[in-house]
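Everything on this sheet refers to the single structure shown next.
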Amino acid sequence: MNRLIFVLIICCGLAACGNNRTKKSASTDVEQMQPQEQKDRVEVLYFHGKQRCATCMAIEKNAKEAIESQFADELKNGKLIFRTIDISEPKNESIAEKYKVTWSSLFVSKWKDGKEMYENLTEYAFANARNAPDTFKNGIAEKVRTLLK
């Protein structure tokens with residue numbers, strides 16, 4: 001029963017977030033990132049649409065706080081990157097397609113030797129970012145710490 005309620009909450013949250021993606025433009029974030037793709041790194045990618053609910057905003061706020069407070073050196077030297085990506089902007093269509101994102105989502109990605117492995121943490125984020133922010137921040141930090149090794 002609790003699982004059904006959880007699924008309904010997530011579905012309602014996702015419907016409230018909305019998505020207004022438009023046609024692809026010539027310039028994309030993926031094209032702009034190509035020079036960095038040579039460097040081994042971990043990326044935390046928060047995707048959102050034009051309209052965002054309170055939970056969506058909590059995901060971004062708390063993920064960013066966790067990363068900035070615990071990984072300042074890694075952010076500074078480029079071993080860790082935090083990106084907020086508005087999928088309603090045409091320039092971000094190709095990266096949204098790459099990760100198969102159509103609403104607010106959170107991904108953690110590890111680049112090693114030019115190859116990427118990533119994990120979708122969206123369900124975890126929706127379950128914890130707003131109602132259990134400390135749990136959420138600790139979970140994100142632990143995931144990043146593991147990937148940085």
Side-chain angles (χ1 to χ4, degrees), residues 1-22 28-30 32-33 36-37 39-149:
M1 181 68 162
N2 286 340
R3 188 171 179 97
L4 177 60
I5 292 170
F6 175 73
V7 170
L8 289 172
I9 289 170
I10 288 191
C11 290
C12 290
L14 295 176
C17 294
N19 180 10
N20 298 320
R21 288 189 21 204
T22 57
T28 67
D29 280 359
V30 173
Q32 294 168 2
M33 287 179 20
Q36 281 188 341
E37 289 181 350
K39 185 175 183 181
D40 291 348
R41 68 192 181 283
V42 173
E43 294 182 348
V44 178
L45 306 170
Y46 169 66
F47 296 89
H48 68 86
K50 186 180 275 188
Q51 299 173 357
R52 297 196 281 172
C53 64
T55 302
C56 297
M57 291 184 280
I59 292 169
E60 178 183 17
K61 175 185 174 284
N62 290 321
K64 188 173 186 177
E65 283 178 9
I67 298 303
E68 289 178 347
S69 68
Q70 297 188 40
F71 302 100
D73 291 340
E74 292 84 353
L75 285 167
K76 187 181 262 187
N77 66 25
K79 289 183 180 178
L80 177 61
I81 296 168
F82 181 89
R83 295 180 58 210
T84 298
I85 302 160
D86 183 345
I87 60 174
S88 68
E89 293 181 7
K91 70 179 183 177
N92 295 324
E93 184 174 329
S94 67
I95 193 166
E97 287 175 2
K98 173 184 176 183
Y99 292 94
K100 299 179 178 142
V101 171
T102 58
W103 57 76
S104 290
S105 301
L106 183 68
F107 283 75
V108 178
S109 169
K110 179 172 183 159
W111 286 89
K112 177 102 172 139
D113 300 325
K115 295 184 181 178
E116 179 187 31
M117 294 181 357
Y118 61 85
E119 187 173 346
N120 185 343
L121 299 179
T122 304
E123 187 173 327
Y124 174 77
F126 270 92
N128 295 291
R130 186 167 175 208
N131 297 322
D134 290 336
T135 300
F136 174 69
K137 288 177 184 180
N138 290 335
I140 294 299
E142 185 58 36
K143 175 58 74 176
V144 169
R145 200 171 286 112
T146 300
L147 293 175
L148 284 168
K149 291 180 183 177

**Q.** Worked verdict on Lys110 versus Glu116 for salt bridge (Lys or Arg N to Asp or Glu O under 4.0 Å)
**A.** CA-CA 6 Å; Lys110 179 172 183 159; Glu116 179 187 31; over 6 Å; no
Q: Check the pair Lys64, Glu60 against salt bridge (Lys or Arg N to Asp or Glu O under 4.0 Å), reporting the backbone distance first and the verdict last.
A: CA-CA 6 Å; Lys64 188 173 186 177; Glu60 178 183 17; 5.6 Å; no
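Under the 3.5 Å distance criterion, the side-chain polar atoms of Ser69 are matched with a main-chain donor or acceptor of Glu65. One N or O on the side chain of Tyr46 and one on the backbone of Cys56 form a donor-acceptor pair closer than 3.5 Å. Listed for the Arg41 side chain is a donor-acceptor partner under 3.5 Å among the backbone atoms of Lys39. Here the side chain of Thr122 pairs a donor or acceptor atom with the backbone of Leu106 at under 3.5 angstrom. The main-chain N or O of Asp113 is found under 3.5 Å from a side-chain atom of Asp40 such that the two form a donor-acceptor pair. Remark: side-chain polar atoms of Ser88 are not paired, donor with acceptor, to backbone N or O of Asp86 under 3.5 angstrom. Formation of a donor-acceptor pair under 3.5 Å by the Asn92 side chain with backbone atoms of Ile85 is not found in this model.
Using a 4.5 Å heavy-atom threshold, the side chains of Lys143 and Leu121 count as touching. Between Phe71 and Phe82, the closest side-chain pair of non-hydrogen atoms is not below 4.5 Å. At a threshold of 4.5 Å between non-hydrogen side-chain atoms, the residues Val42 and Ile81 do not count as touching. Considering only heavy atoms from C-beta on, Arg145 comes within 4.5 Å of Gln70 through its side chain. Under the 4.5 Å side-chain criterion, counting only non-hydrogen atoms from C-beta, Ile67 is in contact with Val144.
For Arg130 against Thr55, the heavy-atom pair with the smallest separation is CD-OG1, 3.5 Å. The minimum heavy-atom distance linking Ser109 with Tyr99 is given by the pair OG-OH, 4.1 Å. In plain terms, the two heavy atoms of Ser104 and Gly49 that are nearest each other are OG-N, 4.5 Å. For Ile95 against Arg83, the heavy-atom pair with the smallest separation is CD1-NH1, 3.5 Å. Here the shortest heavy-atom pairing between Ala96 and Ile87 reads CB-CG2, 3.7 Å. Across every non-hydrogen atom of Glu74 and Leu148, the tightest pair is CG-CD1, 3.9 Å.
Partners of Asn131 by side chain to side chain donor-acceptor pair (under 3.5 Å), not counting sequence neighbours: none found.
Relative orientation of the Phe107 and Phe47 rings is perpendicular, given thresholds of 30° and 60° on the angle between their planes.
Lys98 contributes atom NZ, which lies 7.5 Å from atom OH of Tyr118 (distance to the nearest 0.5 angstrom). Atoms CD and CG, on Glu43 and Leu147 in that order, are 11.5 Å from each other to the nearest 0.5 Å. If you take CD1 on Ile140 and CG on Asn128, they are separated by 9.0 Å, rounding to the nearest 0.5 Å.
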